[in-house]
Amino acid sequence: MTQPQAPDTLSQIPKSYSPQAAEDRWYETWSGEGFFAARDASDRPAFSIVIPPPNVTGSLHMGHALNATLQDVLVRWKRMAGFNALWLPGTDHAGIATQNVVEKQLAGEGTDRHRIGRAEFTTRVWKWKETSGGRIIRQLKRLGASCDWPRERFTMDEGLSRAVREVFVRLFEEGLVYRGSYIVNWCPRCHTALSDLEVEHEERKGKIYFVRYPAADGGPGVEVATTRPETMLGDAAVAVHPDDDRYKGKIGLVVSLPLTGRKIPVIADPAVSPEFGTGAVKVTPAHDPADFEIGRRHDLPEITVIGDDGRMTAEAGEAFAGLDRAECREKVAAALSAEGLLAAVQDHIHSVGHCYRCKTVVEPLVKDQWFVRVAPLAEPAIEAVESGRIRIVPRNWEKTYFEWMRNIRDWCISRQIWWGHRIPAWYCGDCHGGKIRLKGRWVEEPSGMAPATQPPSHPAAYAQLRAQGLSHERILAGMDTLIADRDVPAIVSREDNPACPSCGGKNVIQDPDVLDTWFSSALWPFSTLGWPDKTPALETFYPTSILVTGFDILFFWVARMIMMGLKFMGDVPFRDVYIHALVRDAEGRKMSKSKGNVIDPLDIVDKHGADAFRFTLAAMAAQGRDVKLSEERIEGYRNFANKIWNASRFVLMNVPPDLSTRNVSRETPWAGALADRWIASRLSAVAAEVNQALTDYRFNEAAAALYQFIWHEYCDWYIELAKISLFGEDAAAKQRTQTVLVMVLETTLRLLHPFMPFLTEEIWQALPPDCRTQAPRGGTIMLAPFPAPDGSLNDRPAEAAMSKLMEAIGALRMLRSEMSVPPSLEVAAVFSTRNKGVAALLDEHAGEIARLARCRPEIGVGLARPSKSAVQILPEMEVYLPLEGVVRIEDEIARLEKEIEKADKEVFGLAKKFENPDFVSKAPPEVVENGRARLAELAEKRRKIGEQAARLSEIGRESS
RNA sequence: GGGCGGAUAGCUCAGCCGGGAGAGCGCUGCCCUUACAAGGCAGAGGUCACAGGUUCGAUCCCUGUUCCGCCUACCA
């Protein structure tokens with residue numbers, strides 16, 4: 001590969017790591033060299049992830065950053081571990097969102113989509129997509145995402161569109177897609193139907209109105225409760241519960257609907273809850289989902305009083321027609337009040353549905369729409385998770401999944417917008433021309449096309465337009481929307497403009513609606529790999545290995561992918577689903593533009609580097625917890641990156657550039673000094689931990705293990721110890737230390753690479769060439785083998801000995817610090833033990849103790865304590881710091897008294913356990929034994945401190 | 001209404017199979033010790049929300065309570 005210029009002399013390595021330059025340089029190299037590419041055919045095992053496609057309109061937010069980081073960690077790990085790893089990127093076309101963006105643009109130009117027409121509009125959207133869309137893709141690259149970019153897909157691509165059409169047609173043929181007239185969620189602003197999932201419910205303070213409906217014969221009527229009095233204008237009945245004794249006599253009564261005088265019946269329906277309100281409910285089938293059901297059961301008329309634009313229709317009556325929903329509510333309430341029919345108004349909290357795109361209050365309306373019959377698809381999808389063919393991690397999301405899947409309702413998939421996959425359904429103008437009503441630009445001047453500045457007008461029947469002399473083509477060209485009567489059959493076809501099966505004519509008109517964006521997203525795991533064609537990629541990478549996503553789209557997307565994957569591929573779309581948390585701000589609030597608490601991931605990358613940012617996200621991704629991101633935390637990991645940088649700098653400054661670890665057998669370098677054996681043992685433990693944690697998707701644990709090892713073992717101890725031989729006279733020891741220093745660093749870099757790709761590559765490239773573990777190709781760390789746990793390096797004795805040594809050093813450091821002995825002052829110190837082995841160990845490592853605790857150590861068995869000295873009592877040794885001429889004795893006495901207090905507490909707590917005879921008899925023997933040993937140790941320590949305190953007080957008295 | 005999750009150091013959070021409470025940041029003290037002051041060494045700081053229960057033993061398991069999130073639902 002083309003070698004970017006790595007600093008070649010030590011003096012050139014700057015003292016702190018600056019990420020920017022390295023990041024751009026390495027990303028370009030990796031991607032240019034094709035290191036991210038997976039192979040359609042390979043003898044290596046496949047590992048594949050498809051990215052949850054972000055909206056093409058979107059820009060990278062924290063959620064994306066977390067999502068992408070976790071995927072990249074996994075895919076880089078697997079790639080290094082020898083898999084044919086694919087991470088397939090792409091975006092979705094985000095129908096409503098994208099359409100909104102371009103519509104806003106048009107509004108700025110003083111026009112709108114109806115004036116420019118459908119064809120021109122979609123051209124505009126494509127143009128927008130080409131120039132402004134996909135910003136998020138470029139942002140992902142800044143994060144270091146190792147996606148196979150040449151495979152990038154877009155839901156509106158030719159191939160994916162073909163998949164959409166194939167699926168739609170097949171579902172239709174099987175009766176799983178149908179067109180029907182039902183109540184749907186309608187956004188009066190976006191002017192389209194929404195699926196249930198696209199409605200966000202929010203608790204709102206509102207009012208509940210109690211309204212008297214007098215009997216038609218003038219007798220006592222019924223009182224109903226409603227939160228939406230304006231809908232009463234469309235009431236078709238009043239319903240009560242069949243078993244409600246209060247209303248038994250009223251069933252069948254005809255009441256007079258206030259303000260309209262219309263006569264409506266009182267009916268009985270079990271859906272009514274007797275406990276709520278008055279127990280009698282007004283029924284508005286055209287404007288309430290529950291009422292709609294009741295209406296259909298009782299064959300009530302569906303009187304539409306609110307129109308597509310959220311304004312009252314003519315049906316609402318002269319007094320109200322044209323009013324906005326909210327205005328109308330006031331007017332109706334006032335009118336009822338004036339007539340004395342408003343019994344009461346109370347405050348009431350209820351949840352109100354809002355459009356998830358524009359937050360407008362949705363209006364339930366009865367509309368002709370296309371639906372997917374979901375229940376038959378849901379069944380196998382439930383089974384797949386129950387049986388474990390798909391694992392959801394963490395598991396508690398399974399419950400949510402099942403809950404939703406078992407109560408699933410049909411999915412409304414048609415949208416009344418222009419940007420998206422147009423529904424492949426046509427209606428025959430020749431057979432049903434009278435029942436197909438169209439709106440379009442020709443209506444204003446039936447003799448010809450109206451100027452493009454004219455918005456569409458009233459609907460006209462297709463037959464009528466033809467009769468006025470418009471050609472079929474011309475009608476289509478000017479058509480805006482279409483309403484076909486319920487009994488007009490749809491011709492659903494894989495080919496455009498199919499011939500009518502009954503008349504053979506070609507004058508067919510395509511349904512103007514487009515499909516829900518999620519319909520195409522649901523096919524993503526196989527449509528992106530080439531389906532419906534049988535491609536090698538599909539063969540190799542489906543089912544994908546894992547899906548990484550946030551729980552907010554568990555239903556929107558994950559569930560639907562499972563259904564579609566099982567239906568059309570006959571297999572699950574992925575083996576595992578890893579559900580990660582939401583990223584919140586430091587206060588735990590959801591980040592949102594309106595709250596102004598958004599942290600832009602790219603600002604973080606600019607400021608602290610992609611590696612620090614990625615590491616932070618991984619470290620905070622504990623399963624089942626939200627990620628509360630604060631900049632201080634990121635700074636902490638930026639410091640970590642810098643620490644690694646400087647440790648590496650130290651290594652590079654102290655090893656010859658021609659050093660080779662190429663032919664060093666695994667055992668040799670570790671066979672030497674205690675520190676070498678210890679760090680090797682620790683390294684193998686960390687490698688095991690990281691591998692296991694990643695296997696279990698416990699990213700935070702992998703990150704924590706690396707952090708702990710690098711900073712607190714390699715840097716704090718190993719490097720410090722290494723300095724002794726590096727700066728010493730023993731050439732062999734020096735060389736061995738250099739070897740270990742580099743080998744551990746090099747291995748650690750590979751372990752760390754999935755988390756911090758840029759930094760690790762930058763350093764790895766600067767290592768002596770013959771110290772870099774050979775990658776199968778490319779000469780890059782990202783293709784070098786991922787360190788596997790190596791049990792042969794485990795060295796329990798070395799770890800035990802090292803912790804003794806660390807304890808001894810720690811004890812003296814503690815005394816020094818407590819006694820305020822300056823770090824630069826070399827002191828005398830006595831290490832006394834009863835254990836010969838310990839004495840031998842300390843003696844052997846007197847040099848290390850001397851350096852790391854800055855002292856002249858005297859080591860031995862049963863050494864006398866210096867008369868005026870501070871002491872630290874450890875299980876197997878006592879450490880004395882002679883105080884003569886160094887500090888005041890009183891300070892040490894005070895310190896010891898505090899220690900005595902602490903030790904007493906501990907002894908007391910533990911001793912209490914043994915007072916209970918059941919503990920000794922019932923607890924496992926090893927637990928009891930362990931307790932006994934600890935108790936003995938503590939008691940001994942307490943005794944010795946006491947003695948020492950007494951002695952010092954005595955001396956103190958004598959000398960004063 | 002149903003469901004899920006949380007409550008552990010000043011802050012943000014780890015804590016797998018019940019058996020000696022951890023990290024990061026912040027704070028305090030001493031140090032520019034030839035990799036790093038974005039650093040080193042050391043330290044203080046916790047009734048593991050509350051009340052019961054199971055157990056020899058509970059931060060961990062069970063029940064209930066309080067508070068806080070979130071998801072879901074056609075009680076108008």
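Labels below follow one simple rule: chain letters A, B, ... track the order of the sequence lines, proteins then strands, and each chain is numbered from 1.
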Quick one: [X] [atom1] to [N] [atom2], roughly how many Å, whole number?
X      : N     : atom1 : atom2 : result
A:Y401 : B:G2  : OH    : P     : 25 Å
A:M819 : B:G43 : CE    : C1'   : 12 Å
A:N185 : B:C74 : CG    : P     : 9 Å
A:Y637 : B:A23 : OH    : C1'   : 8 Å
A:L745 : B:A35 : CG    : P     : 15 Å
A:F615 : B:C13 : CZ    : P     : 19 Å
A:R854 : B:U34 : CZ    : C1'   : 12 Å
A:R406 : B:G2  : CZ    : C1'   : 15 Å

Students often get this wrong, so: under 4.0 angstrom with heavy atoms, is [X] touching a base, only sugar-phosphate, or nothing?
X      : answer
A:N642 : base
A:D696 : nothing
A:R409 : sugar-phosphate
A:V651 : nothing
A:P924 : base
A:S16  : base
A:H287 : nothing

Ignoring hydrogens and angles, are the base of [N] and the side chain of [X] linked by a donor-acceptor pair under 3.5 Å?
X      : N     : answer
A:R934 : B:G20 : yes
A:E720 : B:A35 : yes
A:R638 : B:A38 : yes
A:K643 : B:C36 : yes

Opposite nucleotide pairing with [N], Watson-Crick or G-U, both atom distances under 3.5 Å:
N     : value
B:A21 : none
B:C32 : none
B:C27 : B:G43
B:C48 : none
B:G1  : B:U72
B:C61 : B:G53
B:C67 : B:G6

Relative to the 5' end of RNA chain B, which residue comes earlier, A:N700 or A:A647, by the nucleotide with the nearest heavy atom?
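Its nearest nucleotide being more 5', the pick is A:N700.
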Return whichever of A:G636 or A:C715 has its heavy-atom-nearest nucleotide of RNA chain B closer to the 5' end.
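Residue closer to the 5' terminus by nearest nucleotide: A:G636.
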Could you walk me through whether A:R638 and A:Y17 pass the side-chain contact (heavy atoms from CB on, under 4.5 Å) check?
CA-CA 9 Å; A:R638 189 264 328 258; A:Y17 172 59; over 6 Å; no
If I pick the [atom1] atom on [M] and the same atom on [N], what distance separates them, to the nearest angstrom?
N     : M     : atom1 : answer
B:A14 : B:A73 : C1'   : 35 Å
B:G18 : B:U12 : C1'   : 27 Å
B:A35 : B:C50 : P     : 49 Å
B:U33 : B:G46 : C1'   : 35 Å
B:G45 : B:C25 : C1'   : 14 Å
B:G10 : B:A44 : P     : 15 Å
B:U54 : B:C74 : C1'   : 43 Å
B:U8  : B:A51 : P     : 16 Å

[X] side chain, from C-beta outward: closest of [options]:
X      : options             : result
A:P823 : B:U33, B:C75, B:C56 : B:U33
A:S817 : B:A38, B:A42, B:U72 : B:A42
A:H712 : B:G24, B:C74, B:C75 : B:G24
A:W711 : B:A38, B:A35, B:G40 : B:G40
A:K913 : B:A73, B:G20, B:A35 : B:G20
A:F555 : B:C71, B:A76, B:A42 : B:C71
A:N396 : B:A76, B:C4, B:C56  : B:C4
A:D716 : B:A76, B:A14, B:G40 : B:G40

Hey, can you tell me if [X] and [Y] have their rings parallel, tilted or perpendicular (30° and 60° cut-offs)?
X      : Y      : answer
A:F551 : A:W397 : parallel
A:Y637 : A:F615 : tilted
A:F914 : A:F919 : perpendicular

Please confirm whether the shortest side-chain N or O distance from [X] to OP1 or OP2 of [N] is below 4.0 Å.
X      : N     : answer
A:K723 : B:A35 : yes
A:W717 : B:C41 : no
A:N407 : B:A73 : no
A:K282 : B:A76 : no
A:H241 : B:A76 : no

I want to check a possible cation-pi pair here: A:K723 against A:F650, using under 6.0 Å from ring centre and within 45° of the ring axis as the test.
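Cation-pi check for A:K723 and A:F650: passes.
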We want to know whether A:Y182 and A:D410 form a side-chain donor-acceptor pair, criterion being a heavy-atom distance below 3.5 angstrom.
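No, because no side-chain N or O of A:Y182 sits under 3.5 Å from a partner of the opposite role on A:D410.
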Between A:E198 and A:Y356, is any side-chain donor less than 3.5 angstrom from a side-chain acceptor?
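A donor-acceptor contact under 3.5 Å links the two side chains.
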Keeping [X] on the side-chain end and [Y] on the backbone end, is there a donor-acceptor pair under 3.5 Å?
X      : Y      : value
A:W645 : A:P14  : yes
A:R228 : A:D288 : no
A:H350 : A:T227 : no

Hey, is B:C56 sitting syn or anti, using the within-90° cutoff around 0?
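Anti, which is what one calls it when the glycosidic angle falls more than 90° from 0.
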